[in-house]
Visitor: 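First the structure, then my questions, so here it is.
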Amino acid sequence: GAVVSQHPSRVICKSGTSVKIECRSLDFQATTMFWYRQFPKQSLMLMATSNEGSKATYEQGVEKDKFLINHASLTLSTLTVTSAHPEDSSFYICSASSGETEAFFGQGTRLTVV
Amino acid sequence: GIQVEQSPPDLILQEGANSTLRCNFSDSVNNLQWFHQNPWGQLINLFYIPSGTKQNGRLSATTVATERYSLLYISSSQTTDSGVYFCAVETAGNQFYFGTGTSLTVIP
């Protein structure tokens, strides 16, 4: 299947700093990318949908100014957690779709804010 | 949004036993996938199954789209089957809505 690479896989940052997570589609052009969040022992929740070249669409309850999403090219989307706080600690996963087949998931990023 | 519920939430099996995991969803969907999440959090795709039945080794899955449910069968369970199993339904926009998950523990 297609490959979606997410980086970094694990990051620890200080409270108040910003963290950027990258999601790349390695062998296909992803017209749409999705970002999910997973709290410990819970399910994955869709945070936002981003289409290349346009603003992301956020799910209800997700702060746009806290979670900045950029999808500047057909192979790269970034999620920036701004002014991170301990409650932002979570597992973040991206998925990418060409619009022609199913979506493929990245390996996930475990963020810990101390 | 679409509601996706899985049962049971937790399951403990003796090695060698069989099990059935269920996924109910509240609306029509384009597709459905079953995932196994490993201890590192990575989602391992098990089945891409919008309808019908598929089998892969000891695992098989059946989706009855008209009745809005899917089943994952695990036969002759092994300790390596332990982990969390998620079903996720896919909308026309390729968005996935995940179920509540089933945490499976297989004991030797």
Side-chain angles (χ1 to χ4, degrees), chain A residues 1-6 8-11 21 23 25 28 30-52 54 56-62 77 89-112, chain B residues 1-11 21-27 29-51 54 56 61 63 70 82-105:
Chain A
V3 179
V4 176
S5 176
Q6 195 172 332
S9 59
R10 184 182 295 267
V11 58
I21 303 170
C23 180
S25 57
F28 68 101
T31 53
T32 309
M33 288 188 171
F34 307 89
W35 289 95
Y36 298 83
R37 182 175 184 177
Q38 185 180 30
F39 290 103
K41 298 189 184 302
Q42 293 190 26
S43 188
L44 285 80
M45 301 296 294
L46 178 65
M47 298 174 66
T49 303
S50 73
N51 292 295
E52 185 266 337
S54 61
T57 302
Y58 290 80
E59 296 294 300
Q60 191 173 7
V62 178
S77 176
S89 299
S90 193
F91 191 64
Y92 295 88
I93 303 179
C94 70
S95 71
S97 170
S98 66
E100 298 177 2
T101 64
E102 69 267 33
F104 299 93
F105 286 81
Q107 307 97 314
T109 297
R110 192 165 301 282
L111 170 64
T112 303
Chain B
I2 296 174
Q3 303 301 312
V4 185
E5 295 183 353
Q6 290 182 241
S7 60
D10 298 282
L11 184 59
L21 281 58
R22 187 178 179 99
C23 173
N24 293 329
F25 44 99
S26 63
D27 206 346
V29 298
N30 269 24
N31 288 300
L32 184 145
Q33 282 186 248
W34 282 97
F35 296 93
H36 179 206
Q37 189 170 37
N38 68 20
W40 297 271
Q42 189 171 4
L43 292 171
I44 309 300
N45 179 40
L46 298 177
F47 291 102
Y48 182 70
I49 183 165
S51 64
K54 290 185 178 180
N56 183 3
T63 296
S70 183
S82 296
V84 182
Y85 290 80
F86 288 105
C87 71
V89 298
E90 185 178 1
T91 67
N94 288 130
Q95 298 159 321
F96 277 87
Y97 292 93
F98 283 77
T100 46
T102 292
S103 178
L104 173 65
T105 303

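Not measured: the values here are computed from a predicted model. Hydrogens, waters and symmetry mates play no part in the numbers below; they use all other heavy atoms, side chains included. All chains are named by letter (A, B, ...) in the order of the sequence lines, taking the proteins before the strands, and each is independently numbered beginning at 1.
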Visitor: What part of A/Arg110 lies closer than 4.5 angstrom to a heavy atom of chain B: side chain, backbone, both or neither?
Guide: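 For A/Arg110, the contact with chain B is made by the side chain alone.
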
Visitor: Atom CZ of A/Phe105 and atom CZ of B/Phe35: how far apart are they, to the nearest 0.5 Å?
Guide: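 Those atoms lie 4.5 Å apart.
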
Visitor: Can you tell me how far the CD atom of A/Glu59 sits from the OH atom of B/Tyr97, to the nearest 0.5 Å?
Guide: 4.0 Å

Visitor: If you tally heavy-atom pairs under 4.5 Å against chain B, which of A/Gln107, A/Gln60, A/Lys41 wins?
Guide: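 Highest number of pairs under 4.5 Å: A/Gln107.
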
Visitor: B/Phe86 and A/Gln42: which non-hydrogen atoms are nearest, and at how many Å?
Guide: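 Looking at all heavy atoms of both residues, the closest pair is CZ-O, 3.9 Å.
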
Visitor: With side chains defined as the heavy atoms from C-beta onward, is the minimum distance between B/Phe96 and A/Leu46 less than 4.5 Å?
Guide: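 Result no, sub-4.5 Å side-chain heavy-atom pair not found.
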
Visitor: Compare every heavy atom of B/Thr100 with every heavy atom of A/Ser43, then report the nearest pair and how far apart it is.
Guide: CB-CA, 4.2 Å

Visitor: Can you tell me how far the OG atom of A/Ser97 sits from the CD atom of B/Glu90, to the nearest 0.5 Å?
Guide: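 Output value for this atom pair is 7.0 Å.
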
Visitor: Between CD1 of A/Ile93 and CD of B/Gln37, what distance do you get to the nearest 0.5 Å?
Guide: 5.5 Å

